[in-house]
Number of protein chains: 2
Amino acid sequence: MKEIKIRTTPEPTLRRLPRYYHLLLRLKERGINDVSSTVIAKELDLDPTQVRKDIEYTEIIGRPKTGYNISDLIKSIRTFLSWDTNSNAVLVGTGSLGTAMLGYKNFSKYGLNFIAAFDIKKELIGKEIHGVKVYNFNDLKEIIEKDKVTIGVLAVPVEAAQEAADKMIKGGIKAIWNYAPCQLKVDNSILVENAQLSQSLAVLTRKITELYLKESL
Amino acid sequence: MKEIKIRTTPEPTLRRLPRYYHLLLRLKERGINDVSSTVIAKELDLDPTQVRKDIEYTEIIGRPKTGYNISDLIKSIRTFLSWDTNSNAVLVGTGSLGTAMLGYKNFSKYGLNFIAAFDIKKELIGKEIHGVKVYNFNDLKEIIEKDKVTIGVLAVPVEAAQEAADKMIKGGIKAIWNYAPCQLKVDNSILVENAQLSQSLAVLTRKITELYLKESL
DNA sequence: TAGATTGTTAATCGATTAACAATC
DNA sequence: TAGATTGTTAATCGATTAACAATC
């Protein structure tokens, strides 16, 4: 009897994996072949055991004494995060943030393939932004139904967010990368990853204050 | 003897506070005056006790039966996160992401005041992006020394990130909001908040996979 | 008053860290 | 071989959740 394991990966682990990934890419560039958890931990200011545990999730096998083969580990992380298979994505909202998303060529490295963008502004419709065509928001459903689009990036103002999300879901989208600062009400079969800049900013600004508080003692 | 408490706030709490904040703004718009932890929790799909604990960090006092006064709670969160006091900030790297940051007018709502942007591209220097002047990267130090700049937003390619960080720090910057996908090597008196998009994307793409794995059982 | 909600202490859960045998 | 490193189990730490008296 074969063992089936689908332990869900802790979010902190998922957030650290890209950090390992980027470090590994740079080590590889430098012509290095192997790396140990000790070295990764030192570079990223983490605990070696934690690094090993995280890496273990990707199901790669290391070798005592030498550590992990860098190329293999890169591949392993890519596969684990599905960054090695292309997914069709759409962007809704071509404001400054949306435009940046389309311009961020690197997304193809993460398997994200923008096939269309949507907006309600008449003057934008039909134009191209960084090589991606902008369609009328009202045509969202049929376009994402046609190409099998799984990921929707939401970069509209709060007022328009829920409607945009609803339309995406009706078109068959399974996961929403939400940059609008609000909670989307969706069926629990739909995945929402909130990526509001304000979350990260809150961590920064509060920690600055706490740093000052500590110093003033 | 006065009690001095400087318990550092857990990061998960800091990440949730902006979510409360945005919800409260919308409730206030609707003319609602008070809200209970139960309601907040329901809206954001959290545990009521957790909401109360988080809110407690901001040192507001609620009232049994009625909950919290929305205006007071908004003010309390803003103060706690230092979003009510302006901080001078600079942006380094005016690529698509950097441009989006400057265009994101909302930052002023979070107390972030961009006084300058920097790049090495000759053709950009002297121009304005969304009302913010672009300076030569080499002049970074003197400009940030002049205006008391505390926060630096780093949106340059990996290769340029460490040098840019070093220069910021020499100019007196205390905190770096890092969008470059690499670990910055800085003195431990300097605060670095990593905000790589790939971190959030990793959570999304892996969770999609785990959702499929679960469904296929 | 009765009942809902806060503030807070205690219990639980999960992630991080420590310890160490197995291994190359 | 000796020694560094992995893989894994156990201990610790911290965040989440439960329980409940105080309170409006």
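Order of the sequence lines sets the chain letters (A, B, ...), proteins ahead of strands, with each chain counted from 1. Computed from a prediction, not measured in an experiment: that's the story for all the values here.
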What nucleic acid atoms does [X] come within less than 4.0 Å of, heavy atoms only: base, sugar-phosphate, or nothing?
X: T13(A); result: nothing
X: R63(B); result: sugar-phosphate
X: S36(B); result: sugar-phosphate

Within-4.5 Å side-chain heavy-atom neighbours: E43(B) and Q183(A):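 Counting from C-beta outward, E43(B) and Q183(A) never come under 4.5 Å.
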
Within-4.5 Å side-chain heavy-atom neighbours: L14(B) and P12(B):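 No. Closest side-chain heavy atoms not under 4.5 Å.
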
For dG3(C), the Watson-Crick or wobble partner whose two distances fall under 3.5 Å: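 dG3(C) is paired, partner dC24(D).
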
Watson-Crick or G-U wobble mate for dT9(D), both contacts under 3.5 Å: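 Here dT9(D) is engaged in a pair, and the nucleotide opposite it is dA18(C).
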
Along DNA chain C (nearest heavy atom to each residue), the more 5'-positioned of Y68(B) and Q50(A):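 Its nearest nucleotide lies further toward 5', so the answer is Y68(B).
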
5' precedence on DNA chain C between E56(B) and P64(A) (nearest-nucleotide basis):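 This one resolves to E56(B).
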
Leading and trailing nucleotides of DNA chain C with any atom under 4.0 Å from heavy atoms of chain B: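 The footprint of chain B covers dG3(C) to dA10(C).
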
Q50(B) versus D54(B), side-chain donor and acceptor atoms under 3.5 Å: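 Their side chains do not contain a donor-acceptor pair, so the 3.5 Å distance test is not met.
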
Pair T94(B), D119(B): side-chain N/O donor-acceptor within cut-off below 3.5 Å: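 Indeed, the side chains of T94(B) and D119(B) share at least one donor-acceptor pair under 3.5 Å.
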
Side-chain (D187(B)) to main-chain (S189(B)) donor-acceptor, under 3.5 angstrom: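 Such a contact is found between D187(B) side chain and S189(B) backbone.
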
Check: I77(B) main-chain N/O paired with T58(B) side-chain donor or acceptor under 3.5 Å: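 Such a contact is absent between T58(B) side chain and I77(B) backbone.
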
